[in-house]
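Single-structure report; data block below.
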Amino acid sequence: MSEPQPGSRSPRESGRSSPPDRRSLFERVLEFISPGPDSTAELIESLAEAEQRELIDPESRAMLEGVIRMAGLTAGDAMVAAPRMDLLDIASPYDELLANVIDCAHSRFPVYDGERENIIGILLAKDLLKLQRAPELNLRTLLRPAVFVPESKGLNELLRDFRSNRNHLALVVDEFGRVAGLITIEDVLEEIVGEIEDEFDEKDTEAGIYTLADGSQRVAGDADIAAVAETFAVSLPVDAFETIGGLVAHQHGQVPRRGESVDVAGLRFTVMLTRGGAVRWFKVTRVPADERDENR
């Protein structure tokens with residue numbers, strides 16, 4: 001009979017108490033779905049079952065699903081298409097540049113020279129303030145290098161590049177080398193965690209209607225139609241649809257894309273952000289009187 005080795009524990013000793021489960025959430029989920037699903041759809045179904053069994057919470061499930069779905073997406077899937085990109089013209093005067101920056105409310109802007117296709121760099125909105133204090137500065141000296149990526153680049157790989165290069169925006173080019181759109185690190189992260197609200201997204205406005213710096217309104221796609229009608233003092237079919245986004249999509253014939261505008265009851269709804277096949281935010285202005293007269 002062999003003697004126990006020095007330092008080894010007897011079965012009685014080892015059975016006194018079980019060590020705490022130090023496995024990560026991801027490791028426990030992997031064990032739950034073992035031996036493993038045969039497809040992404042089955043994997044997502046397994047995550048749903050894990051949530052039902054309270055192995056993971058709903059927020060964790062949603063994030064894990066986002067990671068799984070992102071693995072199959074490319075820059076072309078999440079980019080803002082070129083026609084809807086907000087660009088700055090290097091030849092524009094300072095006041096015009098500042099007005100565009102305030103109106104669009106982005107932190108970074110591609111800058112072009114001559115034609116929109118000729119992107120010469122990226123301007124940070126905060127750098128524009130330097131021109132106010134030192135007008136003699138040349139705007140070109142404030143531009144950061146533009147990063148270009150192919151449409152086929154995977155989002156997971158692009159996220160690694162964003163993190164390692166400390167870059168937040170990339171221009172997407174098609175197979176012919178033309179600019180097809182742009183994508184930001186926020187666009188990539190939102191595929192995982194959903195929409196990222198910033199410090200200007202007030203939480204206390206239940207109606208989902210906010211006033212922008214230029215006097216226009218930002219309206220949530222799921223805002224109540226009656227609230228929108230009351231705010232703008234217009235007549236809208238409050239009983240026909242549940243949300244203003246549904247009404248606008250019906251009027252347009254389909255869900256409008258980012259940058260597209262739809263006129264309803266004298267109001268112009270311009271899509272600021274879409275997410276998950278629905279409009280998240282509209283910019284709403286009144287249709288100019290001369291255009292209303294032409295459409296009569």
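Bear in mind that the values here come from a model prediction, so they are computed numbers and not experimental data.
By the criterion of side-chain heavy atoms lying less than 4.5 angstrom apart, applied directly or through intervening Ile, Leu, Val, Met, Phe, Trp or Tyr residues, I102 is not grouped with L129; the two fall into different hydrophobic clusters. By the criterion of side-chain heavy atoms lying less than 4.5 angstrom apart, applied directly or through intervening Ile, Leu, Val, Met, Phe, Trp or Tyr residues, L169 is not grouped with L123; the two fall into different hydrophobic clusters. Transitive grouping of hydrophobic side chains (ILVMFWY, heavy atoms separated by less than 4.5 Å) keeps L189 and V80 in distinct clusters. Hydrophobic clustering (ILVMFWY, side-chain heavy atoms < 4.5 Å, transitive): L247 and I209 are in one cluster. Under the 4.5 Å side-chain heavy-atom criterion for grouping Ile, Leu, Val, Met, Phe, Trp and Tyr, L88 is not connected to I122 through any hydrophobic cluster.
Between I183 and A78, the shortest heavy-atom contact is CD1-CB, 3.9 Å. Across all non-hydrogen atoms, the minimal contact from V234 to A265 is CG1-O, 3.8 Å. Nearest approach of A249 to P256, heavy atoms of both residues: CA-CD, 4.3 Å. In terms of heavy-atom proximity, R116 sits nearest to P83 at NH2-O, 4.3 Å. Contact detail for R218 and M272: the closest heavy-atom pair is CG-SD, 3.7 Å.
Residues satisfying the side-chain hydrogen bond (donor to acceptor under 3.5 Å, both in side chains) criterion with T243, sequence neighbours excluded, are absent altogether.
The shortest side-chain heavy-atom distance between F109 and L87 does not fall under the 4.5 Å cut-off. Taking the side chain as every heavy atom from C-beta outward, F162 and V188 approach each other to under 4.5 Å. A 4.5 Å side-chain heavy-atom check between L267 and R286 finds at least one atom pair inside the cut-off. Taking the side chain as every heavy atom from C-beta outward, H168 and T184 never approach each other to under 4.5 Å. Side-chain contact between S107 and K126 is absent, with no heavy-atom pair separated by less than 4.5 Å. Looking at heavy atoms from C-beta onward, I119 lies out of side-chain contact with V111 at the 4.5 angstrom threshold. Considering only heavy atoms from C-beta on, V179 stays 4.5 Å or farther from V172 through its side chain.
E230 contributes no side-chain N or O that, together with a main-chain N or O of A227, makes up a donor-acceptor pair within less than 3.5 Å. When atom types are taken as modelled, the side chain of N165 and the backbone of N167 share no donor-acceptor pair closer than 3.5 angstrom. Checked by atom type and distance alone, the side chain of N118 never pairs as donor or acceptor with a backbone atom of E115 at under 3.5 Å. No donor-acceptor pair under 3.5 Å is formed between the side chain of N100 and the backbone N or O of L97.
Here OG of S92 is found 12.0 Å from CG of L98. Values are rounded to the nearest 0.5 Å. Note: L182 CG to M85 CE = 4.5 Å, rounded to the nearest 0.5 Å. Atoms CD1 and CD1, from I90 and I120 in turn, are 4.5 Å apart once rounded to the nearest 0.5 Å. Going from atom CE of M79 over to atom CG of L73 covers 13.0 Å, rounded to the nearest 0.5 Å. The distance from atom CG of L159 to atom CG of L155, rounded to the nearest 0.5 Å, is 8.5 Å. Rounded to the nearest 0.5 Å, atoms NE2 (H252) and CZ (F269) are 13.5 Å apart.
When each of V228, T270, V271 is checked for a side chain to side chain contact (heavy atoms under 4.5 Å, CB included) with F282, only V271 meets the rule.
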Using a 3.5 Å cut-off and no angle test, enumerate the donor-acceptor pairs between side-chain atoms of residues 137-150 and protein atoms at least two apart in sequence or in another chain.
residue, atom, partner, partner atom, Å
N138, OD1, R140, N, 2.9
R140, NH2, D113, OD2, 2.9
T141, OG1, N138, O, 2.5
R144, NE, D127, OD2, 3.4
R144, NH2, D127, OD2, 3.0

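Aromatic pair H250/F241: ring centres closer than 6.0 Å.
For residues 157-167, the set of pairs meeting the salt bridge (Lys or Arg N to Asp or Glu O under 4.0 Å) definition, not counting sequence neighbours, comprises K153-E157, K153-D161.
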